[in-house]
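Below, read A as the first sequence line, B as the second, and so on, with proteins coming before strands; counting in each chain starts at 1. All values reported here derive from a predicted model rather than from experimental measurement. We use all heavy atoms of the structure for the numbers below, so side chains are in, but hydrogens, waters and symmetry mates are not.
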Amino acid sequence: MAKGLPKRAENYSEWYNEIVKRADLAENSAVRGCMVIKPYGFAIWEKMQRALDDMFKATGHVNAYFPLFVPKSFLEKEEQHAEGFAKECAVVTHYRLKANPNGGLMVDPRARLEEELIIRPTSETVIWNTYKNWIQSWRDLPLLINQWCNVVRWEMRTRLFLRTTEFLWQEGHTAHATEQEAIEETERMLDVYATFAEEWMGVPVLRGLKSPNERFAGAIETYCIEALMQDGKALQAGTSHFLGQNFAKSFDVKFVNKENVQEYAWATSWGVSTRLMGALIMAHSDDQGLVLPPKLAPIQVVIIPIYKTLEELAVISERVNPLFEELKAAGISVKYDDADNQRSGWKFAEYELKGVPIRLGLGSRDLEAGTIEVARRDTLSKESQPIAGIVEHVKALLDEIQANIYQKALAFREENTFLVDTWDEFKAQIERGGFVMAHWDGTAETEEKIKEETKATIRCIPLISTMEAGKCIYSGAESSKRVVFAKAY
RNA sequence: CGGGACGUAGCGCAGUCUGGUAGCGCGUUCGCUUGGGGUGCGAGAGGUCGCAAGUUCAAAUCUUGUCGUCCCGACCA
């Protein structure tokens, strides 16, 4: 039992913060709005990175790296983009400090930059300024590049992993010869994200389009994946943008096509961030702490000896060591915690808090009986298993846990998705939480009003949905399909 | 930038209204105990009560100022 962990149902955000802290994932830094990702949390992020990166490579992308600083003049070039990001930029205005007469340091007023540098909130502008030199001919296309980096957005209110001033992410930026090809790329990468969320994180997601209001600044169309958290709020887990020729025009990126005609390149960009860590935590965890899907767990199996004396421990270790090697050889990430500084009960609670999918307990009783205790984190159940064949059992169990976590989250989402047709019902359901599928007249005004009155936003216009005539929940105007409303993080 | 709270031991807090010996829980140290779910008992260490000024015989407590932190809203992946 985790001591002193707040109950999920009682205070969701406190519960979330405590899990992040107690599972040793991250903490607030003394630096405003920034986060320190601790080694255990970072190990999870690294696993995510690796899996995503493999998926990017498999779809033909390569990695590169572009500068942290964006000259203000770059940011200005695409008007919508500039307007969207202007309010949340960190700006470098000077390049030198000097000794302050009253002690300490001060900004040297003589070292003012001629042109201010923005710390990238996203890299479309720097990258398209570079692409200008890289793209001349149709032979240079498509250009399929990704970068892993940090970005800064000066948010008013921050929350560990979900919204921090600086965050880690990947941003893919591609250039194509045709509109069709760029749209295909946008959709392909949304698919990669959805597959990753569902198959690796065990988080079911809705694939959809953003309404114009929620669109990325500078995009023609924003595709997104939306996940439902256990408190009934939605989380945007990833976005893929079709940028049309907006950036190519702003940065004058033209190529000569096969017909020997100059054309602007077509663009996409797509990204996921450390916010996925937040999604992972919120989607599965319970009152005992973090629950990790086996595919992303830094430790998949922990072995805990149960003993009285050190002599007894030595005997147990003798049995555990070959088992440990066997598990490792089977490609399982395993830890044997034989440290004598904590009691076994304490260790049980500790690894539960950290979300380790499987715990194996081995004591003298087991040695005699030839058994081992197998406890699974997702169901909190435990059973005694014959130690012979335990490696195969563990392998199968890891797969089962991975599947079960996903199924559980999927069932939760289904139970919390509602079709609603009247305004009163809508308001009441939004208050209770969940995805609310309702008709919308397609106007920004209505969307705004709904947001003002209920705090709900259109999370997405689902890609897969049946056409269905209906009346807008708010204005009563005609609508041809339902969209997904929810309160969001 | 608007609204609201809070600064007391490493951490979490009570005490403040009604001024009078500085408290509790967790952690930590030591001893014994226990060992298949954060063992139990005992003993110890640890604080100029955010800072400054004022009122008073006496201030954690009242007054004024100041610094800092957190929460709610506007902004957002």
Side-chain angles (χ1 to χ4, degrees), chain A residues 1-6 11 13-14 17-18 21-22 27-28 30 32-33 35 83-89 120-122 150-171 193 210 213-217 219 222-227 234-241 269-279 288-289 304-310 312-313 316 340-354 359-369 371-375 380-384 451-452 455 457 459 487-489:
Chain A
M1 298 298 123
K3 247 189 202 166
L5 199 62
N11 188 336
S13 56
E14 204 180 300
N17 286 334
E18 276 299 303
K21 193 167 128 191
R22 300 270 301 271
E27 63 187 28
N28 276 311
R32 183 209 170 275
M35 168 177 62
E83 200 190 311
F85 283 102
K87 291 165 287 181
E88 47 182 352
C89 288
R120 63 182 164 215
T122 179
N150 58 343
V151 289
V152 167
R153 296 184 188 175
W154 210 260
E155 303 293 351
M156 293 301 167
R157 285 179 73 68
T158 61
R159 270 194 95 186
L160 289 167
F161 289 118
L162 300 176
R163 183 169 302 109
T164 45
T165 298
E166 177 192 13
F167 56 95
L168 302 181
W169 77 345
Q170 71 48 228
E171 45 180 331
Y193 289 157
K210 283 290 182 196
N213 272 2
E214 300 277 325
R215 217 173 259 158
F216 176 76
T222 289
Y223 292 68
C224 64
I225 52 172
E226 290 284 327
L235 183 76
Q236 178 173 310
T239 47
S240 183
H241 315 291
S269 71
W270 27 274
V272 293
S273 70
T274 35
R275 171 177 261 202
L276 288 179
M277 292 284 293
Q288 313 309 325
I304 295 175
I306 296 147
Y307 61 93
K308 289 184 185 145
T309 63
L310 286 174
E312 210 177 329
L313 173 62
I316 293 168
D340 191 41
N341 56 1
Q342 293 293 357
R343 302 154 43 83
S344 48
W346 192 92
K347 291 177 185 172
F348 292 171
E350 182 66 12
Y351 290 105
E352 254 157 34
L353 209 44
K354 291 193 156 187
R359 185 186 72 236
L360 300 177
L362 196 72
S364 304
R365 254 193 259 156
D366 292 294
L367 284 185
E368 279 170 35
T371 58
I372 191 161
E373 184 185 80
V374 182
L380 290 168
S381 60
K382 40 185 192 181
E383 52 177 11
S384 194
K451 187 176 179 183
E452 273 169 38
K455 289 185 180 163
T457 49
R459 298 322 302 156
K487 282 197 212 168
Y489 276 99

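Nucleic acid contact class of A/Leu162 (heavy atoms, under 4.0 Å, all strands): base. Within the nucleic acid shown, A/Gln236 comes within 4.0 Å of sugar-phosphate atoms alone, with no base atom in reach, counting heavy atoms only. Within 4.0 Å (heavy atoms only), A/Thr457 reaches no atom of the nucleic acid at all. Nucleic acid contact class of A/Lys382 (heavy atoms, under 4.0 Å, all strands): base. At a threshold of 4.0 angstrom between heavy atoms, the contacts of A/Gln342 with the nucleic acid are absent. Counting any heavy atom pair closer than 4.0 Å across all strands shown, A/Phe167 reaches a base atom. Counting any heavy atom pair closer than 4.0 Å across all strands shown, A/Arg359 reaches a base atom. Residue-level contact check: A/Leu353 touches the bases, meaning some heavy atom is under 4.0 Å from a base atom. A/Thr239 comes within 4.0 angstrom of nothing in the nucleic acid, heavy atoms only.
When rounded to the nearest whole Å, the span between CD of A/Glu88 and P of B/rC75 equals 11 Å. Between the NZ atom of A/Lys21 and the C1' atom of B/rG27 there is a distance of 13 Å, rounded to whole Å. One interatomic measurement links the two molecules: CG of A/Leu160 to P of B/rC70, which rounds to 12 Å at whole-angstrom precision. In this structure, OH of A/Tyr351 is placed 17 Å from P of B/rG36, rounded to the nearest angstrom. Taking atom CD of residue A/Glu83 and atom P of nucleotide B/rC75, one finds them 14 Å apart after rounding to whole Å. Remark: C1' of B/rC11 and CZ of A/Arg22 are 12 Å apart, rounded to the nearest angstrom. Atom OH of A/Tyr489 is separated from atom C1' of B/rC75 by 18 Å (rounded to the nearest Å). In this structure, A/Met156 atom CE and B/rC71 atom P are separated by 15 Å, rounded to whole Å.
The residue among A/Arg215 and A/Ser13 whose nearest nucleotide of RNA chain B lies closer to the 5′ end is A/Ser13. The nearest heavy atom of RNA chain B to A/Asn28 and to A/Asp366 marks one nucleotide each, and the one closer to the 5' end goes with A/Asp366.
The partner of B/rG2 is B/rC72, judged by Watson-Crick or G-U wobble contacts that both fall below 3.5 Å. In this structure, B/rG7 and B/rC67 make a Watson-Crick or G-U wobble pair, each of the two defining distances being under 3.5 angstrom. Across all strands shown, B/rA22 forms no Watson-Crick or G-U wobble pair with both distances under 3.5 Å. Pairing partner, B/rA58: none, since no Watson-Crick or wobble contact has both distances short of 3.5 Å.
Between A/His241 and A/Phe216, the ring planes lie parallel to each other; the angle is under 30°, not in the 30° to 60° tilted range.
Shown here for A/Ile316 and A/Gly363, the closest heavy-atom pair between the two residues is CD1-CA, 4.0 Å.
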Listed pairs, N/O of protein and of nucleotides 31-34 of chain B, under 3.5 Å:
unit_1: B/rU34; atom_1: O2; unit_2: A/Arg343; atom_2: NH1; d: 2.6

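The separation of B/rU61 from B/rC51, taken at their P atoms, amounts to 11 Å, rounded to a whole angstrom. The same atom, C1', is picked in B/rU33 and in B/rC67; the two are 49 Å apart, to the nearest Å. If you take atom C1' in B/rU34 and the same atom in B/rC41, they sit 11 Å apart, rounded to whole Å. Rounded to the nearest Å, the gap between the C1' atom of B/rG44 and that of B/rU48 is 23 Å. Here, B/rG19 and B/rG54 have their C1' atoms 15 Å apart, quoted to the whole Å. Here the separation of B/rG37 from B/rG20, taken at their P atoms, is 48 Å to the nearest Å. Comparing the P positions of B/rA60 and B/rG73 gives a spacing of 38 Å, expressed to the nearest Å. Of the P atoms belonging to B/rA45 and B/rG23, the separation is 13 Å, rounded to the nearest Å.
By the side-chain contact (heavy atoms from CB on, under 4.5 Å) test, A/Thr165 is found to be paired with A/Arg32, A/Cys34, A/Val152, A/Trp154, A/Thr158, residues two or more places apart in sequence or in another chain being considered. Remark: A/Asn11 engages A/Ser13, A/Glu14 in a side-chain contact (heavy atoms from CB on, under 4.5 Å) (not counting sequence neighbours).
Salt bridge absent: A/Glu352 and A/Arg22 never bring a charged side-chain N and a carboxylate O closer than 4.0 Å.
Two residues are said to be in side-chain contact when any heavy atoms from C-beta on lie closer than 4.5 Å; A/Tyr193 and A/Leu276 fail this criterion.
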Test salt bridge (charged side-chain N to carboxylate O under 4.0 Å, His left out) applied to A/Glu226 and A/Lys210, step by step: CA-CA 10 Å; A/Glu226 290 284 327; A/Lys210 283 290 182 196; 2.8 Å; yes
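For the residue pair A/Arg459 / A/Thr457, a side-chain donor-acceptor distance below 3.5 Å is found, with atom types taken as modelled. No side-chain N or O of A/Glu214 forms a donor-acceptor pair with one of A/Thr222 less than 3.5 Å apart.
Few gaps surround CD on A/Gln342; more than 12 heavy atoms of other groups in view lie less than 6.0 Å from it.
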